[in-house]
Amino acid sequence: MPSNLSVKTEPLPKSQVGMTIEVPADIVDATYEKVLNRLASRSKLEGFRPGRAPRALVEARIGPAALREEVVEAIVPEVIRQALQEKSIDPIDNPDVEVVELERGRPAQLKATVTVMPEVTLADAASLNVVTPTVEVTDEMVERRLNDVREPMAEITPVEREARAGDVAVIDVEVEADGAVVPSESRSAMEAELKEGALLPELLAAIPGAIVGETRAATVTFPDDYGEPKLAGKEATIKVTVQGVKEKVLPALDDELAKQLSGGKQETVEAYRSSVREELEESAKALGQLAREQAIVKALVEASAVDVPDTLVERELASHLDSLERSLSRQGLRLDRYLEYLGKTPEMWIAEERPEAEARLKVDLVLDEFARRNQIEPSDEEVDRFIDEQASKDDELKGRVDELKRGPNSRRYFASRQRRLRVLERLGELAGTGTPAQS
C-alpha cells in the first residue's frame, strides 16, 4: 500500500492518542478489486467451473454488505499499521478502530483510538526535602528484648492474688448477642495470657484487677466477615469469669544464661547486653533506611505526574488475580469459593483492588522514568554478579545459579531488582534530608 495516507492525531486522556485517517479513493478501489478477485477465484456457482464465474455475478451473490465487510477486514490492518509507523506511535494494546466511511470511488475515513505508554512528568529529586524519623535505642528497649528472649524459659506458677498484666489467667468465657448465648464461642478453663496480641483489646482492658471467682464483662463489635454468622457485624457482650491466676517468672539473667542465649559467643551478662543493644541499633538503622527510601519514593511520585492508562491497570489486576488463584490452588482452595467466603463477586474484588493497582503502576512508571533519565541500567556482567550475590544469601538459589543466568525471564527479574536498588540508592543521594525527627 503506497504511503499516501492522510493521518491526523490528537492527544486524549488516559494516555491515548486519537487518529483520523483518510485513505485515497484509488487505494479503496484497488482493495475492492483485490477482494473480488480473491472471492471470484474461490467461488463455486452452478453452471460455471470453479473460479470461472463472472465477477459481477459473484458480487451480486455475495451482496454489498458482506463485500464491504471483506474489504474492511482487508484494508484496516494495513492502514492502521502504516498510520502508526508514519506517526511513530507504539501502541500497548490493539487500537480501537471505527470505519466512518468506506465506499467505492470515494476516500475512506477511519478513526482509531490508540493506547500508548504514558508520559511521565518527573519531579526533580534534588528538590525533595524528606524528613524521616530516627529511632534511638533506649535502655528500656534493651531490657524488653532481654525479657522477650527469656520468656520461653519462664516458669508459670499459680498465685493467690488479682490478675495482672503479663499473667496467665484461667478463665471461663461466655459470649452473648441479641439476648442469647452463642455456644460455639463459649469456653471453659481456657488459659489466656494477659498481653497485647493474645486477647481482644476490650478483654485485655477488663480482666486485670479481677480476683478468682470474679466475672468481668466487655462489649465487643465483631467484624462483618467474622466466621460465626451469629456474631458477624454485631455488637456482643463477652463475660469472663476468672478461675485462676498464674504468674510468669523469668529466669535470672546471669553469666551462664547469657552464654547459653548467645550460643557461647558472649561470656558475661554485660557483654550479652551490649550485643543485644548492637543488634537493636542495626535493626533500627535498617528500618530507618527503609523508612527513608519509602518516604523519598512517595514524595517523588506525589510530585510527579503520570496518567496511568486503563489498559495497564487491567493487565495489573489480571496478573494479581491470576497470582491469587495460583496461590489458593497450592492450598487446595478455589478462587470462586474464596471470594464467596469473603462475600465478594469478582467484579467487587476488581473494583476494590483497582486504586491500589493504579498506585503500584504509578510508582513503577515514575521510578522507571527516573532510571531511564539517569541511565541506570545494569550490564549483563553486573546482572551475573548480582545473581551470584543473591544466591550466596539464599539456599534455594545456590544450586540454580547457571539456570538463572541462562533463563531470559529470570535474568529480566534480577535485572529489574538490581535496577530498582540502584534507583533507590541514587534517589537517596539526591534527595534532601531535612531535619531528622527523634522518636
Side-chain angles (χ1 to χ4, degrees), residues 5 7-23 72-100 109-123 297-298 300-328 335-336 339 344-373 376-377 408-413 415-417 419-420 423:
L5 303 176
V7 184
K8 296 178 181 178
T9 62
E10 61 172 330
L12 298 175
K14 285 292 181 181
S15 193
Q16 293 184 319
V17 177
M19 294 197 302
T20 301
I21 308 167
E22 186 173 287
V23 185
V72 166
E73 291 183 6
I75 201 172
V76 166
E78 180 59 23
V79 166
I80 295 299
R81 185 199 66 77
Q82 185 174 306
L84 292 172
Q85 184 178 28
E86 182 177 317
K87 295 297 182 179
S88 300
I89 296 173
D90 187 13
I92 60 174
D93 201 2
N94 292 327
D96 183 14
V97 182
E98 176 191 1
V99 180
V100 179
Q109 189 179 71
L110 281 65
K111 287 194 172 181
T113 303
V114 185
T115 303
V116 297
M117 285 299 289
E119 291 187 10
V120 178
T121 304
L122 190 66
V297 169
K298 184 174 183 289
L300 181 67
V301 171
E302 288 178 349
S304 301
V306 56
D307 199 3
V308 182
D310 291 335
T311 295
L312 291 183
V313 177
E314 285 154 13
R315 285 182 189 172
E316 176 75 7
L317 287 167
S319 174
H320 189 187
L321 194 61
D322 185 53
S323 246
L324 176 61
E325 186 171 21
R326 289 198 305 271
S327 175
L328 291 170
L335 178 62
D336 56 347
L339 292 176
K344 299 176 183 178
T345 63
E347 292 74 20
M348 290 169 62
W349 183 90
I350 288 171
E352 290 176 5
E353 292 291 325
R354 179 173 285 271
E356 188 175 339
E358 190 166 347
R360 286 196 303 270
L361 285 167
K362 187 174 181 182
V363 170
D364 288 342
L365 290 166
V366 168
L367 295 185
D368 286 347
E369 179 65 12
F370 180 87
R372 186 186 68 79
R373 294 195 192 182
I376 300 174
E377 186 62 44
N409 291 334
S410 56
R411 289 192 69 84
R412 276 194 295 270
Y413 168 75
S416 175
R417 280 185 59 188
R419 185 188 309 111
R420 180 61 58 89
V423 164

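Bear in mind that the values here come from a model prediction, so they are computed numbers and not experimental data.
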Legend entry - Partner set under side-chain contact (heavy atoms from CB on, under 4.5 Å) for Leu12, not counting sequence neighbours: Glu10, Gln16, Thr113

Legend entry - Atom pair CG/CG of Leu339 and Leu328 - distance to nearest 0.5 Å: 8.0 Å

Inset, instruction - Calculate, to the nearest 0.5 Å, the distance between atoms CD and CZ belonging to Glu369 and Arg372 respectively. - result: 4.0 Å

Inset, instruction - Considering only NZ, NE, NH1 and NH2 on the basic side and carboxylate oxygens on the acidic side, decide whether Glu358 and Lys362 come within less than 4.0 Å. - result: no

Inset, instruction - Output all residues satisfying side-chain hydrogen bond (donor to acceptor under 3.5 Å, both in side chains) with Arg411, sequence neighbours left out; order by chain, then residue number. - result: Asp384

Inset, instruction - Run the numbers on Arg315 and Thr311 for side chain to side chain contact (heavy atoms under 4.5 Å, CB included), then give the verdict. - result: CA-CA 6 Å; Arg315 285 182 189 172; Thr311 295; 3.8 Å; yes

Inset, instruction - Could you tell me which residues satisfy salt bridge (charged side-chain N to carboxylate O under 4.0 Å, His left out) with Arg81, sequence neighbours excluded, listed by chain and number? - result: Glu78

Inset, instruction - Check whether any side-chain heavy atom of Thr9 sits under 4.5 Å from a side-chain heavy atom of Ile89, and report yes or no. - result: yes

Legend entry - side-chain hydrogen bond (donor to acceptor under 3.5 Å, both in side chains) involving Asp322 - partner list, sequence neighbours excluded: Arg326

Legend entry - Contacts of type salt bridge (charged side-chain N to carboxylate O under 4.0 Å, His left out), residue Glu352, not counting sequence neighbours: Lys344

Inset, instruction - With rounding to the nearest 0.5 Å, note down the distance linking CG in Leu367 to CG in Leu122. - result: 9.0 Å

Inset, instruction - Before giving the answer on side chain to side chain contact (heavy atoms under 4.5 Å, CB included), spell out for Val116 and Asp90 the whole-Å C-alpha distance, their side-chain angles and the decisive distance to 0.1 Å. - result: CA-CA 6 Å; Val116 297; Asp90 187 13; 5.9 Å; no

Legend entry - Ser416: side-chain contact (heavy atoms from CB on, under 4.5 Å) partners, not counting sequence neighbours: Arg419

Inset, instruction - Would you indicate whether the side-chain heavy atoms of Val114 and Ile80 approach each other to under 4.5 Å? - result: no

Legend entry - Partners passing side-chain contact (heavy atoms from CB on, under 4.5 Å) against Thr345 (at least two apart in sequence or in another chain): Glu347, Met348

Legend entry - Qualifying residues under salt bridge (charged side-chain N to carboxylate O under 4.0 Å, His left out), relative to Glu316, sequence neighbours excluded: Arg360

Inset, instruction - Would you check if Leu312 and Met117 make a side-chain contact, meaning some heavy-atom pair closer than 4.5 Å? - result: yes

Inset, instruction - Give, for atom CG of Asp336 and atom CD of Glu325, the distance between the pair rounded to the nearest 0.5 Å. - result: 8.5 Å

Legend entry - Pairs meeting criterion ring-ring contact (aromatic ring centres under 6.0 Å, His included) with involvement of residues 347-372, two or more places apart: His320-Trp349

Legend entry - Those residues that, when tested against Asp368, pass side-chain hydrogen bond (donor to acceptor under 3.5 Å, both in side chains) (two or more places apart): none

Legend entry - Sequence-distant partners of Arg354, salt bridge (charged side-chain N to carboxylate O under 4.0 Å, His left out), two or more places apart: none

Can you give each donor-acceptor pair under 3.5 Å made by side-chain atoms of residues 301-310, sequence neighbours left out, with the distance rounded to 0.1 Å?
unit_1, atom_1, unit_2, atom_2, d
Glu302, OE2, Lys298, NZ, 2.7
Ser304, OG, Ala123, N, 3.0
Ser304, OG, Leu300, O, 2.8
Asp307, OD2, Lys14, N, 2.7

Inset, instruction - Apply side chain to side chain contact (heavy atoms under 4.5 Å, CB included) to Gln82 and Ile21, showing your working. - result: CA-CA 10 Å; Gln82 185 174 306; Ile21 308 167; over 6 Å; no

